[in-house]
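Comments concern the structure below.
When a ligand or atom number is given, it counts from 1 through the structure's own listing order. Quantities reported herein were computed from a predicted structural model and do not represent experimental measurements.
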Amino acid sequence: MNNKVKHDFLWGSASAAYQCEGGWNEGGKGLSNWDQFCHSEKNKKGFTGDVAADFYHRYKEDIRMAAEGGQNTLRFSISWTRILPDQSGKVNEEGVNFYKDVLLECKKYGITPNVTLLHYDIPAWLEDMGGYRNPIFADEFAKYCKVVFEQFGELIPLYVTINEITHNAICSYLTGHYPPNIHSTQALCEVGYNMIMAHAKAVVEFRKFNFKNSQVGIVHTTNTVQILKDTPEYRIAQRRCDLFKNKWITDPVILGKFPDDLLPLLKESGIDTSFVKQEDLDLLATTHIDFLGQNCYTRTLARPYREEDGETNYYPNNVGAGQKRLEGYVVKNWFTSDHDLNNPMNAWGREEYPKTVYDMLMGIKKDYGDIPVYITENGCAMYEKVEEDGKIHDQRRIDFMKGYLDWLVKAENEGCNVKGYYAWSTTDCYSWINGYEKRYGLVYIDYESEDLKRIPKDSYYWFKDYIKEHTEGE
Ligand code: BGP
């Protein structure tokens, strides 16, 4: 073990259009579902992404700072409605030029762009037609992706179709705290299925271009599922939790088919699975991804479901310190989340468990062989403020990142095909529903200041040193 990753490892940080761009109604951009939701009375906290980190106007500064922080890659997303503002399909040149400028700026510093086509924000007009739940979503998404491939081609070497299908579908259609605020297990299944098909159809479009220097993948958030007791009941709960959290995404996108035990279990749970079409399954079987992006924050602990756990739901913590209930899931007759209270939790009730990155990478190797993997997000949520010396001393984030990164380096040294790591997030930004108090950035943003002043945190400098010390040939 040399404690270093290969010389061409990608080291960087990540963001998403709605969370960092701002400029919500500038440059010919159309309305997205998040613009619509945040401007409606359903937005109880009142925070919006209207300005966010103002990346739309300050991208040069942010890209320069990332490069100066030793990063050789950046992950960001394209806002669908900046490219196609309305249903007519007419391309918005101003939007295209904005992303071309961003890509040029990356090139200037030798930064490899890793670009997500859909990170939670879909057009408002499509949302009004049923959004992800309407099967036309898959075709509309593929049309938009085709335009992006045409416009940017090999300027983008790493294309991600969709960010976190599971989390997005669960929050939007099960818990219902994300737009369109629906709570229905039937809808959750339909939406998940349509998103997989949207991904598959986008991959079909991508392959038509025969790019030599661009690859396509998807970003999933794997929560490695573990159990605290090794009994047959716990192992059944573990498998069912793994199906619910991971395998219904990773199996179809990597192996081209849904797990054999999934549909029978859904039917047993009263789900009408008539939305599954043979022609879709045939198409899915022909698609494959070039790489897998894995967002990695924590693991999931599962235990057997009990009557008193109640109905299927996901309980997020969007309140932060003070909320008593820990983050977790109940899936009726499948499993319920378990908790190991000996481990540290963040203020939002999420377990911090660094070894999960190692367990996850080993699990992928076991189940899917040597598919290239990028850790597309990993980050530590904190309440933060500028200290008297004008700096942000985020030692807790440094300890968090060091924990996860040491396990990542170990996995790479032991033969896992992990090729990159992205800290969430490049700068502080909007956190879905939580607003701006929940910070993740390597760079602090003073939201009170007129010019949204950027201040690199201690973790920004620490990350730069870590990259140097842990890359071969540095
Ligand atoms: C992931 C999302 C990101 C980001 C992150 C932190 O699920 O892909 O967009 O938001 O989680 O989550 P949160 O802001 O809810 O704490």
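No close placement of the Tyr120 and Trp80 rings is indicated, their centers lying 6.0 Å or farther apart. Ring to ring, His39 and Trp24 are close: their centroids are under 6.0 angstrom apart. The ring of Tyr159 has its center closer than 6.0 angstrom to the ring center of Phe149.
If you look at ligand 1, the protein residues with a non-hydrogen atom under 4.0 Å away are Gln19, His119, Tyr120, Asn163, Glu164, His167, Asn295, Tyr297, Glu377, Trp424, Ser431, Trp432, Asn434, Lys438, Tyr440.
In this structure, Ile227 and Leu301 approach most closely via the heavy-atom pair N-CD2, 4.3 Å.
Partners of Phe55 by ring pair (Phe, Tyr, Trp, His ring centres under 6.0 Å), not counting sequence neighbours: none found.
A donor-acceptor pair shorter than 3.5 Å cannot be found between the side chains of Thr356 and Asp359.
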